[in-house]
Every structure is written in structure tokens, then in C-alpha cells.
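Here is the structure we will look at.
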Amino acid sequence: MAYDFAPLFRSAIGFDRLAQLVDTATQNPVSPSYPPYNIEKLSDAQYTLTMAVAGFGPDDIELTVQDNTLIVSGRVSDNAQGREMLYRGIATRAFERRFVLADHVVVEKADLTNGLLRIAVRQIMPEALKPRRIPISSGQAMAGSDASGDAPAPTTGEMDGQIAARTTATPAPQPARQAA
């Protein structure tokens, strides 16, 4: 299934990654159900991903962030040698889960307690993306945008200094003296 994002790209800037996310989501329609997990929103910028990983230890689980994707994988070493299992109800099969992270999202820490893996995730707002007020000037050419291609127009202070220099350098007219 293909989506046409042309109308979006005509009026929006920087959303080209959206097409990649939709393509990725449609390429893998069957998602594994093991291990079960929850995603909890704690605040506007903080989230917790909780996975039920009974039977796994901290050394059996690997967390990796690569290309805005959090990869959680687990493998349990086979230590059941010499034991006869009559019934296996606790799944300890290998798994890999992938979670797409938005831009400026970082994984802060992970904790494994009582069979629950908790991963703290936080969205960081860079200074460049925070709202800022742009001052508007009046009557001045934008730097580097004058039509002549010469140096930018002088600022008001520079123009005042030039006018003052011209008025002090020009002598005032003297009344004519008559010869006696």
C-alpha cells in the first residue's frame, strides 16, 4: 500500500521523515506479541517502557539505540542441562522488540526488577527548537541583501557618526571684511 504525501509536502517543512515511518510500519504488519509491554506517559516529555521478561537476568538482555530505533533483545543461556522439564509455562525464548523513537528522544536508564524491565525515555527540546521572538526592524536593509552587491548599509549609529563628521569638517561661512 502506497501513500501520497505530496499535498503534505507542499505546505509543511521537515516532515519528510513521516513518509519513512509510515513505510516502515506497513512493511512489517505482523508484530510479535512476546514479550508483553506497556508504554506509560509520565509527563509531556517523560515516558516509561515496561516489559515483562520473567526468567531473564540483566546479562541476558541487551538494549541498543540505533537510527532513532530502540532495540530490546533477550537471550537466555540454556542452563537446564541435567534437568528434566515436565512442563514449561515460563517462556524464556529469545526475542527482539523494536521501538521507533521520535527525534530528540533519549533513553536515560533501564532497570530490571521482579521480572519487569523498565526503560526510562525522555524527549529533549533543543534550544534551536524552543519558541523565540524575532525582532522586527524598520527602514534598514537586511545584511547582505542590498541590490548593489556592495557592503551592507551602515547602521543608524554609523550614519549619525558620518553626518557629525561632515558637519564639523565644513567651515562656517565668514562675513567678508572690508579693506580700510
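The aromatic rings of Tyr34 and Phe56 sit tilted, their planes meeting at an angle between 30° and 60°.
Taking OG1 from Thr50 and CG from Asp111, the interatomic distance works out to 10.0 Å, rounded to the nearest 0.5 Å. Taking CD of Gln123 as the start and CD of Gln46 as the end, the distance is 11.0 Å to the nearest 0.5 Å. Atom OG1 of Thr48 sits about 12.5 Å away from atom CZ of Arg122, to the nearest 0.5 Å. Expressed to the nearest 0.5 Å, how far CG of Leu49 lies from CG of Asn38 amounts to 8.5 Å. Rounding to the nearest 0.5 Å places CG of Leu117 at 11.5 Å from CG of Asp60. Within the model, atoms CZ of Arg118 and NZ of Lys109 stand 11.5 Å from one another, a figure rounded to the nearest 0.5 Å.
Residues Leu63 and Val121 share a hydrophobic cluster, clusters being chains of Ile/Leu/Val/Met/Phe/Trp/Tyr side chains in contact below 4.5 Å. Leu42 and Ile124 are not part of a single hydrophobic cluster, where members link through side-chain heavy atoms under 4.5 Å apart. Under the 4.5 Å side-chain heavy-atom criterion for Ile, Leu, Val, Met, Phe, Trp and Tyr, Ile39 and Val72 are members of the same hydrophobic cluster. Placement of Val65 and Ile61 within a single hydrophobic cluster is found when ILVMFWY residues are connected by side-chain heavy-atom separations under 4.5 Å, directly or transitively.
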Apply side chain to side chain contact (heavy atoms under 4.5 Å, CB included) to Val105 and Tyr47, showing your working. CA-CA 10 Å; Val105 170; Tyr47 302 86; over 6 Å; no
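Contact check for Leu116 versus Met51: no side-chain heavy atoms found under the 4.5 Å cut-off. Under the 4.5 Å side-chain criterion, counting only non-hydrogen atoms from C-beta, Asp44 is in contact with Lys41.
With a 6.0 Å radius and a threshold of 12 heavy atoms from other residues, nucleotides or ligands, Ile136 has its CD1 atom at or below the threshold.
A distance-only check finds no donor-acceptor pair linking the side chain of Arg97 to the backbone of Ile71 [under 3.5 Å].
The two residues Pro35 and Ala52 have their closest heavy-atom pair at CB-O, 3.2 Å. The heavy-atom pair separating Val76 from Gly55 by the smallest distance is CG2-O, 3.9 Å.
For the 3.5 Å distance criterion, the side chains of Thr69 and Asp67 fail to qualify, holding no donor opposite an acceptor.
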